[in-house]
Protein chains: 2
Amino acid sequence: MARTKTTYDVFSAIGEPKRRVLIEQLVLKEMTVNELVEKVQWPQPVVSKHLGVLKQVKIVREKKNGRHRVYRIQPEELRPIQEWMHQFEKYWGGTLDQLDHYLNNIQARGKNEHE
Amino acid sequence: MARTKTTYDVFSAIGEPKRRVLIEQLVLKEMTVNELVEKVQWPQPVVSKHLGVLKQVKIVREKKNGRHRVYRIQPEELRPIQEWMHQFEKYWGGTLDQLDHYLNNIQARGKNEHE
DNA sequence: GATATATATTCCCATATAGGAATATATAAA
DNA sequence: TTTATATATTCCTATATGGGAATATATATC
């Protein structure tokens with residue numbers, strides 16, 4: 001078998017460093033492809049292709065505007081990563097805020113349901 | 001050029017789903033290779049190879065114990081991910097309304113997970 | 001020393017990239 | 001309608017897998 005597809009899920013998609021750079025830009029503000037190209041200085045097809053992957057896993061959404069396409073981030077889609085990270089927080093010391101506690105409990109309950 | 005190496009950094013390493021499963025086990029308690037094989041039911045070389053990648057990016061550490069090797073997680077190494085996630089937190093802040101919304105999403109996502 | 005156990009490593013191959021180059025498509029402007 | 005602009009897509013190739021099968025290595029036990 002071959003490697004896991006980059007579009008398999010959000011984790012796979014952000015494994016590529018360039019895609020994280022695009023995300024870091026889009027989290028600041030929505031941008032067109034050429035605005036992104038300006039910012040990161042990569043060939044336009046490279047940007048478009050990486051955006052394509054991000055679009056497939058729904059990290060970004062495309063909004064047509066004339067001959068421009070505005071790309072916008074969909075932060076909710078990155079929640080699975082944040083949730084997955086919760087399992088390590090107990091090791092990092094410090095206090096967890098109430099929201100985190102609550103979410104941890106929810107998560108634990110959810111996991112047991114499938115056992 | 002080819003794909004980014006899985007050992008390029010922590011993000012790339014956790015892109016592979018099986019490696020996340022191993023991490024999820026090791027965060028509960030340190031284990032030997034065979035204990036992991038027992039748990040996940042994959043061929044031993046598969047487990048060893050994935051552990052090799054995790055070891056290279058330092059997510060896990062190996063402790064020799066006779067002919068056993070105990071693998072232990074190094075949670076600090078995952079902090080870059082947590083830090084990277086900070087940039088999205090402003091979108092899913094801590095109000096109850098948003099928490100409700102979030103919990104609804106979890107439920108909805110759970111149902112679609114296996115499609 | 002011989003053997004069993006635990007784990008890593010090597011060899012193999014099908015597969016999916018990431019990026020360069022060129023081109024296609026869509027839409028606006030002239 | 002012709003042209004310019006914005007973006008996506010196709011074709012290509014080198015590369016790095018992930019996993020199966022077989023084997024090597026290390027250590028414990030007899």
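All of these numbers come straight from a predicted model, not from anything done at the bench. Numbered from 1 within each chain, the chains take letters A, B, ... in sequence-line order.
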Sugar-phosphate atoms are those with a prime plus P, OP1 and OP2; base atoms are the rest. Using that split, label each nucleotide of nucleotides 19-24 of chain C B, S or - for protein heavy atoms under 4.0 Å, 5' to 3'.
BBBB--
Residue among B:Arg19, B:Glu16, B:Lys18 satisfying side chain to side chain donor-acceptor pair (under 3.5 Å) with A:Thr4
B:Glu16
Can you confirm if the NZ or CZ of A:Arg61 lies within 45° of the ring axis of A:Tyr71 and under 6.0 Å from the centre of its six-membered ring?
no
Rounded to whole Å, the NE2-P distance (B:His68 to C:dA8) equals 12 Å
Between C1' of C:dT9 and CD of B:Glu62, the distance in whole Å
13 Å
Closest to the A:Arg67 side chain: D:dG18, D:dA6, D:dA28?
D:dA6
Sorted by position of nearest nucleotide on DNA chain D, 5' first, the leading residue of B:Asn65 and B:Arg19 is B:Arg19
D:dA8 phosphate, OP1 or OP2, under 4.0 Å from A:Tyr71 side-chain N/O:
yes
Salt bridge between A:Glu62 and A:Arg69, side-chain N to carboxylate O under 4.0 Å?
yes
Specify the separation, in whole Å, of atom NZ of B:Lys64 and atom C1' of C:dT7.
10 Å
At their closest point, which heavy atom of A:Leu78 faces which heavy atom of B:Met85, and how far apart are they?
O-CE, 3.3 Å
With DNA chain D as reference, determine whether A:Leu51 or A:Arg3 sits nearer its 5' end, using the nearest nucleotide of each.
A:Leu51
Which residue lies toward the 5' end of DNA chain C, A:Gly66 or A:Lys5, if each is placed at its nearest nucleotide?
A:Lys5
Just checking, is any N or O donor in the side chain of A:His86 or A:Glu89 under 3.5 Å from an acceptor N or O on the other one?
yes
Is the shortest side-chain N/O distance from B:Asn34 to OP1 or OP2 of C:dT5 below 4.0 Å?
no
Rounded to whole angstroms, how far apart are CD on A:Gln56 and P on C:dA16?
13 Å
Examine D:dT7: is either OP1 or OP2 under 4.0 Å from a nitrogen or oxygen in the side chain of A:Ser48? Give yes or no.
no
Please enumerate all residues that pass side chain to side chain donor-acceptor pair (under 3.5 Å) together with A:Gln25, with sequence neighbours excluded.
none
Which heavy atom of B:Lys58 sits nearest to which heavy atom of B:Gln74, and what is that distance?
O-CB, 3.4 Å
Gap between atoms CD and C1', on B:Glu38 and C:dT5 respectively (whole Å):
15 Å
Whole angstrom is fine here: how far is it from OH in B:Tyr8 over to P in D:dT15?
18 Å
